[in-house]
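Below, each value reflects all heavy atoms present in this structure, side chains not excepted, and no hydrogens, waters or symmetry copies. Every value quoted in this text rests on a predicted model; they were computed, and no experiment measured them. Each ligand, and each atom within it, is numbered from 1 in the order the structure gives. We number each residue from 1, following the sequence as shown.
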Amino acid sequence: MFDNLSEKLGGILDRLTRRGALTEADVDAAMREVRRALLEADVSLDVVRSFTERVREQAIGATVVKSVTPGQMVVKIVHDELVATLGSDGQSIDLHAVPPVAIMMVGLQGSGKTTTTAKLARRMVQRDKRKVLMASLDIYRPAAMEQLAVLGRDLDIPTLPIVDGQKPAQIAKRALEAGKLGGYDVVLLDTAGRTTLDEEMMSEAAEIKATANPHEVLLVADSLTGQDAVNLARAFDQRVGLTGIALTRVDGDGRGGAALSMRAVTGKPIKLMGTGEKTDALEDFHPSRIAGRILG
Ligand code: GDP
(Lines give C-alpha, C1' and ligand atoms only; values in the text may rest on other atoms or scores of the structure.)
Protein backbone atom coordinates (compact mmCIF):
# COMPACT_ATOMS: atom_id res chain seq x y z
CA MET A 1 0.00 0.00 0.00
CA PHE A 2 2.85 2.40 0.74
CA ASP A 3 5.03 1.53 -2.26
CA ASN A 4 4.46 4.70 -4.22
CA LEU A 5 4.85 7.04 -1.27
CA SER A 6 7.86 5.10 -0.10
CA GLU A 7 9.54 5.44 -3.48
CA LYS A 8 8.90 9.19 -3.61
CA LEU A 9 10.01 9.95 -0.06
CA GLY A 10 13.01 7.72 -0.55
CA GLY A 11 14.10 9.74 -3.57
CA ILE A 12 13.64 13.09 -1.85
CA LEU A 13 15.50 12.07 1.30
CA ASP A 14 18.22 10.32 -0.65
CA ARG A 15 19.05 13.56 -2.46
CA LEU A 16 19.26 15.30 0.94
CA THR A 17 21.56 12.76 2.52
CA ARG A 18 23.97 13.01 -0.39
CA ARG A 19 24.62 16.67 0.35
CA GLY A 20 27.44 17.61 2.67
CA ALA A 21 25.71 20.54 4.33
CA LEU A 22 22.11 21.67 4.33
CA THR A 23 20.85 25.22 4.05
CA GLU A 24 17.43 26.39 5.10
CA ALA A 25 16.60 26.65 1.40
CA ASP A 26 17.52 22.98 0.89
CA VAL A 27 15.23 21.96 3.73
CA ASP A 28 12.41 24.14 2.41
CA ALA A 29 12.77 22.70 -1.07
CA ALA A 30 12.74 19.16 0.31
CA MET A 31 9.69 19.90 2.45
CA ARG A 32 7.83 21.18 -0.59
CA GLU A 33 8.51 17.85 -2.27
CA VAL A 34 7.54 15.88 0.84
CA ARG A 35 4.33 17.89 1.00
CA ARG A 36 3.51 17.05 -2.62
CA ALA A 37 4.28 13.35 -2.10
CA LEU A 38 2.01 13.16 0.96
CA LEU A 39 -0.83 14.97 -0.78
CA GLU A 40 -0.52 12.62 -3.74
CA ALA A 41 -0.77 9.74 -1.26
CA ASP A 42 -4.13 11.24 -0.23
CA VAL A 43 -3.06 12.30 3.25
CA SER A 44 -5.38 14.97 4.73
CA LEU A 45 -4.22 18.52 4.02
CA ASP A 46 -4.13 19.55 7.69
CA VAL A 47 -2.07 16.51 8.57
CA VAL A 48 0.36 17.22 5.72
CA ARG A 49 0.72 20.85 6.79
CA SER A 50 1.46 20.17 10.42
CA PHE A 51 3.72 17.23 9.54
CA THR A 52 5.95 19.21 7.16
CA GLU A 53 6.00 22.18 9.51
CA ARG A 54 7.18 20.05 12.43
CA VAL A 55 9.84 18.37 10.32
CA ARG A 56 10.98 21.70 8.90
CA GLU A 57 11.37 23.33 12.32
CA GLN A 58 13.39 20.45 13.71
CA ALA A 59 15.46 20.06 10.52
CA ILE A 60 16.43 23.72 10.52
CA GLY A 61 17.33 23.47 14.19
CA ALA A 62 19.45 20.43 13.32
CA THR A 63 21.42 22.27 10.63
CA VAL A 64 22.11 25.13 13.05
CA VAL A 65 23.97 22.79 15.39
CA LYS A 66 26.03 21.76 12.34
CA SER A 67 25.36 18.08 12.60
CA VAL A 68 27.97 16.01 10.77
CA THR A 69 25.36 14.41 8.57
CA PRO A 70 22.44 16.82 8.37
CA GLY A 71 20.70 14.81 5.67
CA GLN A 72 20.57 11.72 7.83
CA MET A 73 19.33 13.85 10.68
CA VAL A 74 16.41 14.94 8.51
CA VAL A 75 15.64 11.32 7.63
CA LYS A 76 15.53 10.51 11.35
CA ILE A 77 13.25 13.49 12.00
CA VAL A 78 10.91 12.42 9.17
CA HIS A 79 10.85 8.88 10.57
CA ASP A 80 10.04 10.02 14.08
CA GLU A 81 7.33 12.37 12.89
CA LEU A 82 5.80 9.58 10.78
CA VAL A 83 5.69 7.38 13.88
CA ALA A 84 4.12 10.20 15.90
CA THR A 85 1.52 10.84 13.18
CA LEU A 86 0.64 7.14 12.99
CA GLY A 87 0.16 7.07 16.77
CA SER A 88 3.46 6.53 18.54
CA ASP A 89 1.93 4.47 21.32
CA GLY A 90 0.67 1.68 19.07
CA GLN A 91 -2.35 0.15 20.76
CA SER A 92 -3.92 -3.24 20.55
CA ILE A 93 -7.33 -4.59 21.48
CA ASP A 94 -8.00 -4.13 25.18
CA LEU A 95 -9.55 -7.13 26.87
CA HIS A 96 -9.06 -5.93 30.42
CA ALA A 97 -12.63 -5.94 31.66
CA VAL A 98 -15.04 -8.25 33.39
CA PRO A 99 -15.93 -11.09 30.99
CA PRO A 100 -17.74 -11.44 28.74
CA VAL A 101 -15.95 -8.47 27.19
CA ALA A 102 -18.12 -7.04 24.41
CA ILE A 103 -16.43 -5.78 21.26
CA MET A 104 -18.65 -4.01 18.77
CA MET A 105 -17.73 -3.78 15.10
CA VAL A 106 -19.19 -0.93 13.05
CA GLY A 107 -18.70 0.34 9.52
CA LEU A 108 -20.05 0.49 6.00
CA GLN A 109 -21.30 -2.55 4.14
CA GLY A 110 -18.48 -4.19 2.23
CA SER A 111 -15.75 -2.66 4.35
CA GLY A 112 -14.74 -6.09 5.64
CA LYS A 113 -16.65 -6.04 8.93
CA THR A 114 -17.76 -9.65 9.01
CA THR A 115 -14.39 -10.91 7.77
CA THR A 116 -12.56 -8.81 10.38
CA THR A 117 -14.91 -10.08 13.11
CA ALA A 118 -14.00 -13.66 12.18
CA LYS A 119 -10.30 -12.80 11.90
CA LEU A 120 -10.29 -11.21 15.33
CA ALA A 121 -12.24 -14.13 16.84
CA ARG A 122 -9.79 -16.58 15.33
CA ARG A 123 -6.82 -14.71 16.70
CA MET A 124 -8.28 -14.42 20.17
CA VAL A 125 -9.12 -18.13 20.25
CA GLN A 126 -5.89 -19.43 18.75
CA ARG A 127 -3.30 -16.96 20.00
CA ASP A 128 -4.83 -15.57 23.17
CA LYS A 129 -6.65 -18.75 24.22
CA ARG A 130 -9.94 -16.96 24.87
CA LYS A 131 -13.40 -18.40 24.61
CA VAL A 132 -15.17 -16.31 21.98
CA LEU A 133 -18.77 -16.00 20.84
CA MET A 134 -19.67 -14.14 17.64
CA ALA A 135 -23.07 -12.61 16.93
CA SER A 136 -24.40 -10.98 13.79
CA LEU A 137 -26.74 -8.07 14.37
CA ASP A 138 -27.45 -7.55 10.69
CA ILE A 139 -31.17 -8.18 10.58
CA TYR A 140 -31.45 -6.55 7.15
CA ARG A 141 -29.31 -9.04 5.29
CA PRO A 142 -29.89 -12.69 6.19
CA ALA A 143 -26.91 -13.46 3.95
CA ALA A 144 -24.68 -11.48 6.28
CA MET A 145 -25.87 -13.49 9.28
CA GLU A 146 -25.31 -16.67 7.36
CA GLN A 147 -21.83 -15.48 6.29
CA LEU A 148 -20.78 -15.13 9.93
CA ALA A 149 -22.30 -18.53 10.78
CA VAL A 150 -20.34 -20.15 7.93
CA LEU A 151 -17.10 -18.48 9.05
CA GLY A 152 -17.81 -19.65 12.59
CA ARG A 153 -18.32 -23.23 11.43
CA ASP A 154 -15.10 -23.12 9.38
CA LEU A 155 -13.14 -21.81 12.35
CA ASP A 156 -14.96 -23.89 14.91
CA ILE A 157 -15.98 -20.75 16.80
CA PRO A 158 -19.59 -20.55 18.02
CA THR A 159 -22.03 -17.98 16.70
CA LEU A 160 -25.19 -16.86 18.42
CA PRO A 161 -28.20 -18.82 17.07
CA ILE A 162 -30.29 -16.74 14.69
CA VAL A 163 -33.75 -15.84 16.03
CA ASP A 164 -36.09 -14.09 13.60
CA GLY A 165 -37.90 -10.92 14.56
CA GLN A 166 -35.46 -9.47 17.07
CA LYS A 167 -34.05 -5.97 16.85
CA PRO A 168 -30.27 -5.46 16.78
CA ALA A 169 -30.12 -4.17 20.36
CA GLN A 170 -32.17 -7.19 21.53
CA ILE A 171 -29.78 -9.54 19.74
CA ALA A 172 -26.85 -7.76 21.41
CA LYS A 173 -28.48 -8.28 24.78
CA ARG A 174 -29.13 -11.94 24.02
CA ALA A 175 -25.52 -12.36 22.89
CA LEU A 176 -24.21 -10.96 26.16
CA GLU A 177 -26.55 -13.14 28.20
CA ALA A 178 -25.41 -16.19 26.23
CA GLY A 179 -21.85 -15.02 26.76
CA LYS A 180 -22.35 -14.83 30.48
CA LEU A 181 -24.17 -18.15 30.75
CA GLY A 182 -21.68 -19.94 28.54
CA GLY A 183 -18.64 -18.62 30.35
CA TYR A 184 -17.28 -16.76 27.33
CA ASP A 185 -14.38 -14.33 27.64
CA VAL A 186 -15.33 -12.23 24.64
CA VAL A 187 -18.50 -11.52 22.67
CA LEU A 188 -18.00 -10.01 19.23
CA LEU A 189 -20.93 -8.02 17.88
CA ASP A 190 -20.96 -7.68 14.09
CA THR A 191 -23.39 -4.84 13.39
CA ALA A 192 -25.18 -4.06 10.14
CA GLY A 193 -23.54 -1.68 7.72
CA ARG A 194 -25.08 0.35 4.97
CA THR A 195 -23.68 1.45 1.65
CA THR A 196 -23.41 5.07 2.73
CA LEU A 197 -23.02 6.93 5.95
CA ASP A 198 -26.56 7.59 7.16
CA GLU A 199 -28.33 8.64 10.31
CA GLU A 200 -30.23 5.37 10.59
CA MET A 201 -27.02 3.36 10.76
CA MET A 202 -25.58 5.78 13.30
CA SER A 203 -28.61 5.77 15.59
CA GLU A 204 -28.84 2.00 15.44
CA ALA A 205 -25.15 1.72 16.37
CA ALA A 206 -25.64 4.20 19.21
CA GLU A 207 -28.58 2.15 20.52
CA ILE A 208 -26.61 -1.10 20.39
CA LYS A 209 -23.74 0.59 22.17
CA ALA A 210 -26.03 1.87 24.91
CA THR A 211 -27.46 -1.63 25.41
CA ALA A 212 -24.27 -3.68 25.18
CA ASN A 213 -21.87 -1.23 26.80
CA PRO A 214 -18.98 -2.60 24.74
CA HIS A 215 -15.41 -2.33 25.98
CA GLU A 216 -14.22 -1.70 22.44
CA VAL A 217 -16.06 -0.09 19.53
CA LEU A 218 -14.02 -0.70 16.41
CA LEU A 219 -14.66 0.99 13.13
CA VAL A 220 -13.83 -1.29 10.23
CA ALA A 221 -12.74 0.98 7.39
CA ASP A 222 -11.55 0.16 3.89
CA SER A 223 -8.12 1.73 3.39
CA LEU A 224 -8.72 1.86 -0.37
CA THR A 225 -11.35 4.56 0.18
CA GLY A 226 -8.73 7.05 1.42
CA GLN A 227 -10.20 10.32 2.65
CA ASP A 228 -13.71 8.85 2.74
CA ALA A 229 -12.50 6.39 5.35
CA VAL A 230 -11.10 9.27 7.40
CA ASN A 231 -14.38 11.20 7.18
CA LEU A 232 -16.30 8.07 8.11
CA ALA A 233 -14.12 7.59 11.20
CA ARG A 234 -14.64 11.16 12.28
CA ALA A 235 -18.43 10.90 11.86
CA PHE A 236 -18.67 7.56 13.69
CA ASP A 237 -16.50 8.81 16.48
CA GLN A 238 -18.56 11.95 16.98
CA ARG A 239 -21.91 10.17 16.80
CA VAL A 240 -21.25 6.76 18.35
CA GLY A 241 -17.83 7.01 19.97
CA LEU A 242 -15.00 4.74 18.85
CA THR A 243 -12.17 3.14 20.77
CA GLY A 244 -10.19 2.23 17.67
CA ILE A 245 -10.03 1.50 13.98
CA ALA A 246 -9.44 -1.68 12.00
CA LEU A 247 -8.10 -0.74 8.59
CA THR A 248 -8.81 -3.34 5.91
CA ARG A 249 -7.34 -4.08 2.48
CA VAL A 250 -3.93 -2.82 3.50
CA ASP A 251 -2.73 -5.50 1.07
CA GLY A 252 -4.39 -3.57 -1.79
CA ASP A 253 -2.93 -0.72 -3.79
CA GLY A 254 -4.27 2.10 -1.62
CA ARG A 255 -2.12 5.20 -1.46
CA GLY A 256 -1.68 5.15 2.30
CA GLY A 257 -3.48 8.39 3.01
CA ALA A 258 -6.10 6.81 5.26
CA ALA A 259 -3.50 5.08 7.42
CA LEU A 260 -1.50 8.27 7.75
CA SER A 261 -4.42 10.58 8.50
CA MET A 262 -6.70 8.48 10.69
CA ARG A 263 -5.01 8.97 14.02
CA ALA A 264 -4.26 12.65 13.58
CA VAL A 265 -7.76 13.50 12.35
CA THR A 266 -9.81 11.37 14.75
CA GLY A 267 -7.49 11.03 17.74
CA LYS A 268 -8.41 7.34 17.75
CA PRO A 269 -5.76 4.67 17.18
CA ILE A 270 -5.61 2.23 14.32
CA LYS A 271 -5.48 -1.01 16.26
CA LEU A 272 -5.67 -3.62 13.55
CA MET A 273 -5.00 -4.01 9.88
CA GLY A 274 -6.41 -6.54 7.46
CA THR A 275 -3.86 -7.79 4.99
CA GLY A 276 -5.82 -10.29 2.94
CA GLU A 277 -9.08 -12.17 2.49
CA LYS A 278 -8.16 -15.20 4.57
CA THR A 279 -9.03 -15.31 8.26
CA ASP A 280 -5.38 -15.35 9.31
CA ALA A 281 -4.63 -12.09 7.48
CA LEU A 282 -4.87 -9.77 10.47
CA GLU A 283 -2.06 -7.83 12.11
CA ASP A 284 -1.66 -5.37 14.94
CA PHE A 285 -0.89 -1.88 13.69
CA HIS A 286 2.65 -0.95 14.69
CA PRO A 287 3.41 2.72 13.93
CA SER A 288 7.19 2.26 13.92
CA ARG A 289 7.02 -0.73 11.58
CA ILE A 290 4.75 1.16 9.20
CA ALA A 291 7.04 4.21 9.29
CA GLY A 292 9.95 1.88 8.55
CA ARG A 293 8.05 0.43 5.62
CA ILE A 294 7.27 3.90 4.27
CA LEU A 295 10.88 4.98 4.49
CA GLY A 296 12.08 1.70 2.97
P1 GDP B 1 -18.85 -6.44 5.36
O2 GDP B 1 -20.01 -6.20 4.43
O3 GDP B 1 -18.31 -5.16 5.89
O4 GDP B 1 -19.14 -7.44 6.43
O5 GDP B 1 -17.66 -7.02 4.45
P6 GDP B 1 -17.12 -8.50 4.29
O7 GDP B 1 -16.46 -8.94 5.54
O8 GDP B 1 -18.17 -9.37 3.72
O9 GDP B 1 -15.93 -8.27 3.24
C10 GDP B 1 -16.19 -7.85 1.91
C11 GDP B 1 -15.09 -8.43 1.02
O12 GDP B 1 -13.82 -7.87 1.37
C13 GDP B 1 -14.92 -9.94 1.15
O14 GDP B 1 -14.74 -10.48 -0.13
C15 GDP B 1 -13.67 -10.09 2.00
O16 GDP B 1 -12.99 -11.29 1.72
C17 GDP B 1 -12.86 -8.89 1.57
N18 GDP B 1 -11.90 -8.42 2.59
C19 GDP B 1 -12.14 -8.12 3.88
N20 GDP B 1 -11.01 -7.70 4.49
C21 GDP B 1 -10.02 -7.75 3.57
C22 GDP B 1 -8.61 -7.44 3.59
O23 GDP B 1 -8.02 -7.01 4.59
N24 GDP B 1 -7.95 -7.63 2.41
C25 GDP B 1 -8.56 -8.08 1.28
N26 GDP B 1 -7.82 -8.22 0.18
N27 GDP B 1 -9.87 -8.36 1.23
C28 GDP B 1 -10.60 -8.22 2.35
Quiz item: Does Thr23 reach the main-chain N or O of Asp26 with its side chain, forming a donor-acceptor pair under 3.5 Å?
Solution: yes

Quiz prompt | Residue Gly274 vicinity, atoms of ligand 1 by number, heavy atom under 4.0 Å | solution = 23 (O)

Self-check item: Residue pair Thr279, Arg122: steps toward the side-chain hydrogen bond (donor to acceptor under 3.5 Å, both in side chains) verdict
Solution: CA-CA 7 Å; Thr279 48; Arg122 176 194 165 129; 3.1 Å; yes

Practice problem: Report the residue from Leu120, Thr117, Leu188, Thr116 that forms a side-chain contact (heavy atoms from CB on, under 4.5 Å) with Leu218. | Solution: Leu120

Self-check item: Residue of the set Val78, Leu9, Val83 for which side-chain contact (heavy atoms from CB on, under 4.5 Å) holds with Ile294
Solution: Leu9

Quiz item: Short question: side chain of Ser223, backbone of Gly254 - any donor-acceptor pair under 3.5 Å?
Solution: no

Practice problem: Return yes when Lys119 approaches ligand 1 closer than 4.0 angstrom through a heavy atom, no otherwise. | Solution: yes

Quiz item: Is there at least one pair of N or O atoms, one from Thr114 and one from ligand 1, spaced under 3.5 Å apart?
Solution: yes

Exercise. Report yes or no: does Arg141 have a heavy atom closer than 4.0 Å to ligand 1?
Key: yes

Practice problem: Flag yes if more than 12 heavy atoms outside Lys173 fall under 6.0 Å of its NZ atom; otherwise flag no. | Solution: no

Practice problem: Would you confirm whether Asp237, through its side chain, and Leu242, through its main-chain N or O, come within 3.5 Å as a donor-acceptor pair? | Solution: yes

Quiz prompt | Minimum-distance protein heavy atom relative to atom 21 (C) of ligand 1 | solution = Gly276 O, 3.5 Å

Quiz prompt | Gly252 near ligand 1 by a heavy-atom separation under 4.0 Å | solution = no

Practice problem: Of the side chain and backbone of Asp251, name the one, both, or neither that has a heavy atom under 4.0 Å from an atom of ligand 1. | Solution: side chain

Exercise. Please confirm whether Ser111 comes within less than 3.5 Å of ligand 1 when only nitrogen or oxygen atoms on both sides are compared.
Key: yes

Quiz prompt | 4.0 Å heavy-atom contact, Leu108 with ligand 1 | solution = yes

Quiz prompt | Heteroatom distance test (Val250, ligand 1): nitrogen or oxygen, under 3.5 angstrom | solution = no

Exercise. Output yes when the distance from some N or O of ligand 1 to some N or O of Lys113 is under 3.5 Å, and no in every other case.
Key: yes

Exercise. Could you check atom 5 (O) of ligand 1 against the protein and tell me its nearest heavy-atom contact, residue, atom and distance included?
Key: Gly112 N, 3.1 Å

Quiz item: Would a distance-only check, ignoring hydrogens and angles, find a side-chain to backbone donor-acceptor pair under 3.5 Å from Arg239 to Ala206?
Solution: no

Quiz item: Can you list the atoms of ligand 1 that are under 4.0 Å from a heavy atom of Gly110?
Solution: 1 (P), 2 (O), 3 (O), 5 (O), 10 (C)

Exercise. Begin from the C-alpha positions of Arg32 and Asp28 and carry the test salt bridge (Lys or Arg N to Asp or Glu O under 4.0 Å) through to its verdict.
Key: CA-CA 6 Å; Arg32 273 196 295 279; Asp28 282 340; 5.6 Å; no

Quiz prompt | Numbering as shown, the atoms of ligand 1 that approach Glu277 to under 4.0 Å (heavy-atom distance) | solution = 16 (O), 25 (C), 26 (N), 27 (N)

Self-check item: Residue portion contacting ligand 1 (non-hydrogen atoms closer than 4.0 Å) for Met273
Solution: neither

Practice problem: For ligand 1, find out whether one of its N or O atoms is nearer than 3.5 Å to an N or O atom of Ala281. | Solution: no

Practice problem: Between Thr275 and ligand 1, find which residue part has any heavy-atom pair under 4.0 Å and reply side chain, backbone, both or neither. | Solution: backbone

Quiz prompt | N/O donor-acceptor pair under 3.5 Å between Ser111 side chain and Gly107 backbone | solution = no

Quiz item: Would Arg263 count as a cation-pi partner of Phe285, with NZ or CZ less than 6.0 Å from the six-membered ring centre and within 45° of the ring normal?
Solution: no

Quiz item: What's the shortest distance from atom 7 (O) of ligand 1 to any protein heavy atom, and which residue and atom give it?
Solution: Thr115 OG1, 2.5 Å

Self-check item: Selected option - heavy-atom contact closest to atom 12 (O) of ligand 1, from Gln147, Arg249, Gln109
Solution: Arg249

Quiz item: When you look at Glu204 and Lys167, which way does the salt bridge (Lys or Arg N to Asp or Glu O under 4.0 Å) test go after all the steps?
Solution: CA-CA 10 Å; Glu204 181 179 295; Lys167 291 202 159 143; over 6 Å; no

